[in-house]
Colleague: 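Structure provided below as structure tokens; questions to follow.
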Protein chains: 2
Amino acid sequence: MPKGTDATTTRESATRARTRRAILDAAVTLLSTDPAASLGDVAEAAGVGRTTVHRYFPERSDLIAAIGADITERVEVATNRARLDDGPAPEALERLCQEYFELGDRLMLLYDVPQFAEWSGFEQETPADRAILALLRRGQEQGTLDPHTDTGWMQEVLWALLYAAWLRTRDHGTPRHAALTQCLRTLAKATAS
Amino acid sequence: MPKGTDATTTRESATRARTRRAILDAAVTLLSTDPAASLGDVAEAAGVGRTTVHRYFPERSDLIAAIGADITERVEVATNRARLDDGPAPEALERLCQEYFELGDRLMLLYDVPQFAEWSGFEQETPADRAILALLRRGQEQGTLDPHTDTGWMQEVLWALLYAAWLRTRDHGTPRHAALTQCLRTLAKATAS
DNA sequence: TCTTTTTGGAACAACGGTGTTCCCTTGTGG
DNA sequence: CCACAAGGGAACACCGTTGTTCCAAAAAGA
């Protein structure tokens with residue numbers, strides 16, 4: 001995919017774009033509960049023939065990579081929307097957490113299956129990572145975030161709490177808003193100065 | 001394994017016991033990084049023939065179940081060692097965290113691969129779970145733990161932070177003691193009243 | 001409507017993992 | 001030292017997944 005993210009680039013027909021999305025979304029949902037699901041399962045979940053899946057993603061690794069790329073992009077978008085440079089650091093962190101929480105299943109994949117991260121260059125520091133670390137440092141300098149906690153660790157905690165919150169909505173039927181509220185509260189306490 | 005955990009029950013020769021352990025340990029280490037590793041890989045990692053693996057664990061599911069049972073038992077032992085009923089709740093929680101941290105790779109398996117939990121009855125409330133919840137409630141009643149945080153969520157946070165700490169030692173080369181210290185500090189802040 | 005995309009399904013070969021059997025070698029313990 | 005327990009390795013059939021090809025049906029779009 002060498003083309004930019006320009007909206008009107010004549011890449012593929014609207015029909016094809018929709019099928020691609022269907023497959024991608026179904027794959028995310030399915031693989032987030034069973035990372036070893038077969039392509040046949042993915043096809044069925046997407047309401048599509050197995051042949052069609054292969055038409056869009058010749059090999060399994062292509063599908064994996066596409067999912068990785070998709071998630072990476074969504075993470076970037078979510079990060080931008082949180083406007084990390086604005087206002088007090090704790091509030092920016094809360095906005096970020098809310099945005100990430102919206103990513104749902106996708107988060108779990110990134111955390112669960114290292115493959116997705118590896119196959120899409122997510123392993124190294126992404127712009128999002130850098131932005132978060134910058135935010136955390138800013139908070140420490142301004143005295144609103146705990147200066148005695150390593151920023152890298154703080155970031156890890158952010159992801160871990162998000163993951164835990166999602167686990168609860170998935171396996172315990174906890175309502176999304178309740179899980180998110182708990183998550184935000186705990187994160188705030190853990191990072192407070 | 002119908003026999004009890006009595007130490008001197010003549011179950012199998014010392015040799016067989018050692019081989020079983022070798023396979024079990026190798027499997028834990030290997031599967032914690034790649035849950036889809038083949039039995040051949042496990043055998044190789046254990047320094048043992050593939051045939052031998054089948055001799056001890058006829059089917060793959062038998063190996064999985066054995067790992068699950070092994071971990072469950074270790075969790076129970078660790079929980080008992082932490083003596084959750086003694087002293088202030090926050091300190092008991094810290095002891096528990098330290099004990100669990102010692103379980104290493106095994107923790108990640110329990111978290112990563114739901115199968116291990118399912119195939120060994122870990123899904124439902126274990127004695128360890130009940131003991132932890134009791135501890136958390138005790139802390140809340142005595143005013144040493146945050147009464148506004150759901151105990152179930154606190155427990156989830158405990159596991160999530162442990163997992164995050166182990167991730168850092170595994171992938172970032174953070175020394176174990178450093179990771180544990182960060183983990184304890186964050187957990188204390190997150191659960192403090 | 002008619003043409004062009006797009007899809008579904010069948011059939012196929014290849015591959016890797018699994019579970020089993022058999023036999024020979026190693027070594028543990030009496 | 002010897003018998004018996006234990007492990008290694010080769011060979012085998014079986015199965016599910018993968019990736020491919022081909023053709024007919026369905027759906028878009030002009």
Side-chain angles (χ1 to χ4, degrees), chain A residues 1 3 8-68 109 112-113 115-116 118-119, chain B residues 1 3 8-68 109 112-113 115-116 118-119:
Chain A
M1 306 176 193
K3 293 295 179 59
T8 52
T9 24
T10 34
R11 290 246 303 94
E12 59 182 3
S13 82
T15 310
R16 285 187 68 84
R18 257 177 292 126
T19 344
R20 158 169 269 115
R21 271 255 64 83
I23 297 176
L24 233 37
D25 289 343
V28 167
T29 304
L30 195 57
L31 295 180
S32 69
T33 65
D34 176 17
S38 77
L39 293 186
D41 296 336
V42 173
E44 191 185 8
V48 129
R50 194 170 68 91
T51 318
T52 305
V53 172
H54 271 106
R55 235 188 291 274
Y56 286 82
F57 309 99
E59 299 193 0
R60 183 177 237 271
S61 62
D62 293 323
L63 177 58
I64 303 298
I67 293 178
L109 270 185
D112 278 340
V113 192
Q115 279 191 318
F116 292 100
E118 289 168 17
W119 281 95
Chain B
M1 306 179 196
K3 293 297 178 60
T8 51
T9 23
T10 34
R11 290 247 302 97
E12 58 181 5
S13 83
T15 310
R16 284 186 67 87
R18 256 178 291 127
T19 327
R20 158 168 271 117
R21 272 254 67 81
I23 297 176
L24 233 36
D25 290 343
V28 166
T29 305
L30 195 57
L31 295 180
S32 69
T33 65
D34 177 17
S38 78
L39 293 185
D41 295 336
V42 172
E44 191 184 8
V48 127
R50 192 171 70 90
T51 318
T52 305
V53 173
H54 276 298
R55 236 190 289 275
Y56 285 82
F57 309 98
E59 299 193 359
R60 183 178 238 270
S61 61
D62 293 323
L63 177 58
I64 303 298
I67 293 178
L109 269 186
D112 278 341
V113 191
Q115 279 191 317
F116 293 100
E118 289 167 18
W119 281 97

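These values consider heavy atoms only, across backbone and side chains, with no hydrogens, waters or symmetry-generated copies. No experiment lies behind these values; they were computed from the predicted model shown. Chain letters run A, B, ... following the sequence lines, proteins first, then strands; residues in each count from 1.
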Colleague: Whole angstroms only, please: what is the CG-P distance between B/Asp41 and C/dG17?
Modeller: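 Taking atom P of C/dG17 as the reference, CG of B/Asp41 is at 7 Å.
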Colleague: Using heavy-atom distances to pick each residue's nearest nucleotide on DNA chain C, tell me which of B/Arg18 and B/Ala37 is more 5'.
Modeller: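 Of the two residues, B/Ala37 wins.
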Colleague: Measure NE2/B/His54 against P/C/dG19 and give the value in whole Å, please.
Modeller: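 Taking atom P of C/dG19 as the reference, NE2 of B/His54 is at 5 Å.
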Colleague: Can a salt bridge be assigned to the pair B/Glu44 and B/Arg50 using a cut-off of 4.0 Å between side-chain N and carboxylate O?
Modeller: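 The answer is no: the pair does not qualify as a salt bridge.
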Colleague: I need the minimum non-hydrogen distance between B/Phe57 and B/Leu24, along with the two atoms involved.
Modeller: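 Closest heavy-atom pair between B/Phe57 and B/Leu24: CZ-CD1, 3.7 Å.
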Colleague: Taking only side-chain nitrogens and oxygens of B/Thr19, does any of them come within less than 4.0 Å of OP1 or OP2 of D/dA6?
Modeller: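 It does not, given that no N or O in the side chain of B/Thr19 lies less than 4.0 Å from OP1 or OP2 of D/dA6.
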Colleague: OG1 of B/Thr29 to CG of B/Asp34: how many Å apart, nearest 0.5 Å?
Modeller: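 B/Thr29 OG1 to B/Asp34 CG: 13.0 Å, rounded to 0.5 Å.
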Colleague: With the side chain of A/Thr52 defined as its heavy atoms from C-beta on, choose the nearest nucleotide among D/dG19, D/dG8, C/dT7.
Modeller: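 The nucleotide sitting nearest to the side chain is C/dT7.
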Colleague: Could you state the atom-to-atom distance from CD of B/Glu12 to P of D/dC4 in whole Å?
Modeller: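 Answer to the nearest Å: 21 Å.
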Colleague: Rounding to an integer number of Å, can you tell me how far B/Arg16 CZ sits from C/dT28 P?
Modeller: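 That distance rounds to 15 Å.
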Colleague: Ignoring backbone atoms, establish whether A/Tyr56 has a side-chain N or O less than 4.0 Å from OP1 or OP2 of C/dT7.
Modeller: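 Yes, because at least one side-chain N or O of A/Tyr56 sits under 4.0 Å from OP1 or OP2 of C/dT7.
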Colleague: Heavy-atom nearest nucleotide on DNA chain C for B/Ala14 versus B/Pro58: which residue maps closer to 5'?
Modeller: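 With B/Ala14 and B/Pro58 compared, the 5'-side residue is B/Pro58.
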Colleague: Looking only at the side chain of A/Val48 (C-beta and beyond, no hydrogens), which of the listed nucleotides D/dT18, C/dG8, C/dT6 gets closest?
Modeller: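 Given the options D/dT18, C/dG8, C/dT6, the side chain of A/Val48 is closest to C/dG8.
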Colleague: Over how many whole Å does the gap from A/Glu59 atom CD to C/dC15 atom P extend?
Modeller: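 Distance, rounded to whole Å: 14 Å.
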Colleague: Can you tell me the distance, in whole Å, between the CZ atom of A/Arg50 and the C1' atom of D/dT21?
Modeller: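 Nearest whole value for this atom pair: 12 Å.
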Colleague: Can you name the closest pair of heavy atoms from B/Tyr56 and B/Ile23 and give their distance?
Modeller: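 Distance-wise, the nearest heavy atoms are CD1-CD1, 4.1 Å.
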Colleague: Could you tell me how far apart B/Arg55 (CZ) and D/dG7 (C1') are, to the nearest whole angstrom?
Modeller: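 Rounding to the nearest Å, CZ of B/Arg55 and C1' of D/dG7 are 6 Å apart.
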Colleague: According to a strict under-4.0 Å criterion, is B/Ser13 in side-chain N/O contact with OP1 or OP2 of D/dA6?
Modeller: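 Answer yes for this pair, as a side-chain N or O of B/Ser13 is under 4.0 Å from OP1 or OP2.
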Colleague: For a quick check, tell me whether the side chain of A/Thr51 and the base of C/dG9 share a donor-acceptor pair closer than 3.5 Å.
Modeller: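 Yes.
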Colleague: Please answer whether the main-chain N or O of B/Val28 pairs with a side-chain N or O of B/Ser32 as donor and acceptor at a distance below 3.5 Å.
Modeller: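 Flag set: sc B/Ser32 to bb B/Val28 pair under 3.5 Å.
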Colleague: Could you give the CG-to-P distance, from B/Asp34 to C/dG16, as a whole number of Å?
Modeller: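 Those two atoms, CG and P, are 16 Å apart.
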